[in-house]
Amino acid sequence: MSRRILTIFGTRPEAIKLFPLVHALAADARFASRVCVSAQHRGMLDQVLAIAAIAPDHDLDLMRPDQSLDALTADLLTGLGRVMDEERPDWVVVQGDTATAMAGALAAYYRKIPVAHVEAGLRSGNIHHPWPEEVNRKIVGTIAALHCAPTETAAEALRRENVDPATIHVTGNTVIDALHWITARIAAEPGLAAGLADLERRFAGRRIIGVTSHRRENFGQGMQAIAAAIRRLAAREDVAVIFPVHLNPNVRQVMNTELAGLDNLALLEPLDYPHFARLIDLSYLMLTDSGGVQEEAPALGKPVLVMRETTERPEGVAAGTARLVGTDADRIVAEAGRLLDDPDAYAAMARAHNPFGDGKSAARIVELLAA
Ligand code: UD1
Ligand code: UDP
């Protein structure tokens, strides 16, 4: 009898980090693999489903404009519960720390279905940074029967919380599997990531700063400060900024107001994954508050300045490729300026590291699910 696995996700980063596992499960006769998307994100999720060629078995289509956390969570809980009652899986797989992951784990727990948590054990130690993700992942961690920790640091965080050590496995982060996969796809089919060529020509001779920003805890003052910092950096003669703007209206409203009409700054719609990988490649440095970008940039040897007060991914900082710079505009400009003006400081950060995995994480998780 093949083991029935229901993999659940809803946002862009979950889709990127789970497609390698979905591919591996689908190719393995030991499993009957089913996929449910909550569509907590719509457009940004669909971009990933398209490139990874995943057709979900269930699509709850839950995204609402500027959705509140409580309404989203309520819809997720009942919607995902219904799918579990229909599918009756042996395992539910969730990833990371989104509302979808948290509600998926809770609905499975209510049905006594064991949960496998991919990217388990990330902790900032502060329930308000990142918000609400720190609490989401602690809830999933309390419920999960299998914890796939990306690093030894993450495994240790779970042991400190008295999670049964027999259920914790260091698998690496599937984000590196995804990055290897997309790099190979682009090498075979360069047209997949050729859409930035016009910007490359427009910004020739300038060093590119790639930017993303979307964190809820930065809404308001934090986002205003980030916008002010980017504006000042884009005023430099030797710099151009490429900023694909997240679809969250709280981000777009600020960035589209504060950063419109600047010569050396391109505000773009969210890039699909191959084009975003290309943007990291083109960039001299990345400026971000994203979790996933903190993992991808070190793997590609690009310095990354993290516009957050805390990080649950200390490995990039320890490896020297990432630096926490907070959301104070002066600090962001100063730290970016240091990398732009001091070649030694730049060289010290611009080295490829793979603290987050070797690209074989999905294969390890498959074996754990089979065991
Ligand atoms: C969510 C996750 C966050 C993750 C981020 C990745 C939660 C609580 N938050 O944050 O952990 O880091 O995704 O990007 O789970 N929207 C669109 N189209 C899209 C996506 C979003 O229009 O494809 C807009 C909608 O108006 C939506 C809003 O963005 O209501 C917020 O989306 P939501 O998933 O609730 O939160 P994010 O801020 O995207
Ligand atoms: N990403 C993308 N297009 C973009 C910006 C980001 O494909 O325009 C990818 C990026 O490569 C990474 C993931 O989205 O894998 C990060 O997602 P996000 O920053 O939205 O969420 P987080 O990782 O902070 O949860």
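These figures come from a predicted structure and were not determined experimentally. Counting convention: from 1, in listed order, for ligands and their atoms alike. Residues: numbered from 1 along the sequence shown.
Annotation: Lys17 places no N or O atom under 3.5 Å from an N or O atom of ligand 2; distance criterion only.
Of the residues Leu279, Leu285, Ile280, the one that meets the side chain to side chain contact (heavy atoms under 4.5 Å, CB included) test with Ser283 is Leu279.
Scanning the protein heavy atoms around atom 4 (C) of ligand 2, the nearest turns out to be Arg12 NH1, 3.1 Å. The protein non-hydrogen atom at the shortest distance from atom 16 (C) of ligand 2 is Ser290 OG, 3.6 Å. Closest to atom 23 (O) of ligand 2 among all protein heavy atoms lies Gly292 N, 2.7 Å. The closest protein non-hydrogen atom to atom 9 (C) of ligand 2 is Ile16 CD1, 3.6 Å. Remark: minimum distance from atom 25 (O) of ligand 2 to any protein heavy atom is reached at Pro13 CG, 3.4 Å. The single protein non-hydrogen atom nearest to atom 8 (O) of ligand 2 is Leu271 N, 2.9 Å, given as residue, atom name and distance.
Within 4.0 Å of ligand 1, counting heavy atoms only, the contacting residues are Thr11, Pro13, Gln40, His41, Arg42, Gly43, Met44, Met63, Arg64, Pro65, Asp66, Gln67, Leu69, Leu72, Thr98, Ala99, Pro132, Glu133, His214, Arg215, Arg216, His246, Leu247, Asn248, Pro249.
For ligand 2, the atoms closer than 4.0 angstrom to any heavy atom of Pro244 are 8 (O). Within the listing of ligand 2, atoms 7 (O), 11 (O) sit less than 4.0 angstrom from a heavy atom of Tyr273. Every atom of ligand 2 is numbered from 1 in the order shown, and the set under 4.0 Å from a heavy atom of Pro270 is 8 (O). Per-residue contacts place Glu296 under 4.0 angstrom from the following atoms of ligand 2 (heavy atoms of the residue considered): 10 (C), 11 (O), 12 (C), 15 (O). Counting the atoms of ligand 2 from 1 in the order shown, those under 4.0 Å from a heavy atom of Gly291 are 22 (P), 23 (O), 24 (O).
Remark: Arg42 engages Asp46 in a salt bridge, criterion side-chain N to carboxylate O under 4.0 Å. In summary, Lys360 and Asp177 do not engage in a salt bridge, as defined by a charged side-chain N under 4.0 Å from a carboxylate O. Salt-bridge check for Asp272 with Arg12: failed, with every basic side-chain N at 4.0 Å or more from each acidic carboxylate O. Look at Arg231 and Glu258 and you find no salt bridge, because none of the NZ, NE, NH1 or NH2 atoms lies under 4.0 Å from a carboxylate O.
Other members of the cluster containing Ile168 are Leu158, Val163, with ILVMFWY side chains joined at under 4.5 Å, either directly or via other members. If you chain together ILVMFWY residues whose side-chain heavy atoms come under 4.5 Å of each other, Val175 ends up grouped with Ile176, Phe356. Leu6 shares a hydrophobic cluster with Ile8, Leu60, Leu62, Leu72, Leu76, Leu77, Leu80, Val83, Met84, Val92, Val94, Met102, Leu106, Tyr109, Tyr110, Ile113, Val115, Ile127, Val135, Ile139, Val140, Ile143; the chain of contacts runs through ILVMFWY side chains whose heavy atoms sit under 4.5 Å apart.
With rounding to the nearest 0.5 angstrom, the OG atom of Ser33 is 7.5 Å from the CG atom of Leu21. Interatomic distance, CD1 of Ile208 versus CD1 of Ile242, reported as 4.0 Å (0.5 Å rounding).
With a 4.0 Å cut-off on non-hydrogen atoms, Arg215 touches ligand 2 through its side chain and not its backbone. Under 4.0 angstrom from ligand 2, there are no non-hydrogen atoms of Gln47.
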Kindly determine whether Arg323 and Val306 satisfy side-chain contact (heavy atoms from CB on, under 4.5 Å), including the steps that lead there. CA-CA 6 Å; Arg323 184 184 281 260; Val306 182; over 6 Å; no
Determine, stepwise, if the pair Glu119 / Asn173 fulfils side-chain hydrogen bond (donor to acceptor under 3.5 Å, both in side chains). CA-CA 6 Å; Glu119 198 181 75; Asn173 197 314; 2.9 Å; yes
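Of the possible polar contacts, one joining the Tyr273 side chain to the Leu179 backbone as a donor-acceptor pair under 3.5 Å is found.
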